[in-house]
Amino acid sequence: MTYVHPDLARVLISAEAIKSRVAEIAQEIGRDYAGVERLYLVGILKGAFIFLSDLARELSQIEGAPPHIVDFMALSSYGRTTLSGEVRLVMDLRDPIVGQHVLLVEDIVDSGQTLNYLIHSLQGRGPASLRSCALVRKERPGLTTTVDYLGFTIPDVWVVGYGLDYADTHRTLPFIAELRREVYDRSG
Ligand code: PRP
């Protein structure tokens, strides 16, 4: 039986469901990029590190899938809740991506602010193509951000696990769970 920490209200997506969906997404990506010389998988830290590592390992086992390079970017979430919603780059890619096929890999799309920023910023660097992949996306009215490869749509609740955190905790749970409201309410 899966142990569920008292901070958690319920498991939303089991480890098994994640595993099989990640394999499906990898199949889709492998098919779409077949014949491409090289694919740049760009993980957005910290949250994407688990999804990216599972996705990349699945991709490695697909016949005909392109060779891939893994790189990372990190953004500061400072100002996320303000109206101006500034996103600041704190760690950039190692190499230029001009002429490369780039796939952004995110754990979650919430307001869409991070992904919008990244697409705008990386498009300016002249990649051959730029697409996005996210494991989960919140159901939020008015959210227009496009996600090319999406794992799951989830309700607009606080979720943790599989890369997602609450104050840097619960990030390494193998499943995605809803955090109890009392946990984040009591922190003010
Ligand atoms: C989370 C997540 C996405 C972003 C999505 O990162 O990993 O990058 O928020 O939210 P948005 O769609 O509202 O922009 P966070 O800033 O919490 O950093 P972390 O990944 O280091 O936990």
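Whatever order the structure lists them in is the order used to number ligands and atoms, beginning at 1. Reckoned from all heavy atoms, side chains included, excluding hydrogens, waters and symmetry mates. Note that the numbering runs from 1 along the sequence shown for the chain.
Here is the list of ligand 1 atoms found below 4.0 Å of a heavy atom in Ser111: 11 (P), 12 (O), 13 (O), 14 (O). For ligand 1, the atoms sitting less than 4.0 Å from at least one non-hydrogen atom of Thr114 are 4 (C), 5 (C), 8 (O), 10 (O), 11 (P), 14 (O), numbered in the order shown with element in parentheses. Near Leu45, meaning under 4.0 Å from one of its heavy atoms, ligand 1 places the atoms 20 (O), 21 (O). Residue contact check: Gln113 has heavy atoms under 4.0 Å from atoms 12 (O), 14 (O) of ligand 1. Taking every heavy atom of Gly47 and a limit of under 4.0 angstrom, the matching atoms of ligand 1 come to 19 (P), 20 (O). Close approach of ligand 1 to Ile108 (heavy-atom distance below 4.0 Å) involves ligand atoms 2 (C), 3 (C), 5 (C). Contact atoms of ligand 1 toward Glu106: 2 (C), 3 (C), 7 (O), 8 (O) (distance under 4.0 Å to a heavy atom of the residue).
Between Asp156 and Glu139, the closest side-chain pair of non-hydrogen atoms is not below 4.5 Å.
Contacts with ligand 1 closer than 4.0 Å are made by no heavy atom of Asp168, backbone or side chain. Residue-level proximity to ligand 1 for Asp107 is carried by the side chain, the only part with a heavy atom below 4.0 angstrom. Residue Asp165 touches ligand 1 through its side chain alone, judged by heavy-atom distances below 4.0 Å.
Relative orientation of the Phe51 and Tyr162 rings is tilted, given thresholds of 30° and 60° on the angle between their planes. Relative ring orientation between Tyr166 and Tyr184 is described as tilted, the plane-to-plane angle lying within the 30° to 60° band.
Among the atoms of Gly112, some N or O lies under 3.5 angstrom from an N or O of ligand 1.
For the atom pair His68 NE2 and His101 NE2, the distance stands at 15.5 Å (nearest 0.5 Å).
A distance-only check finds no donor-acceptor pair linking the side chain of Asp71 to the backbone of Val42 [under 3.5 Å]. Looking only at distances, a side-chain donor or acceptor of Arg137 sits under 3.5 Å from a matching main-chain atom of Thr145. With Lys138 contributing its side chain and Val157 its backbone, the two residues share a donor-acceptor pair below 3.5 Å.
Proximity of Leu115 to ligand 1 is not established, as no heavy-atom distance is less than 4.0 Å.
Atom CD of Glu28 has more than 12 heavy atoms from other residues, nucleotides or ligands within 6.0 Å.
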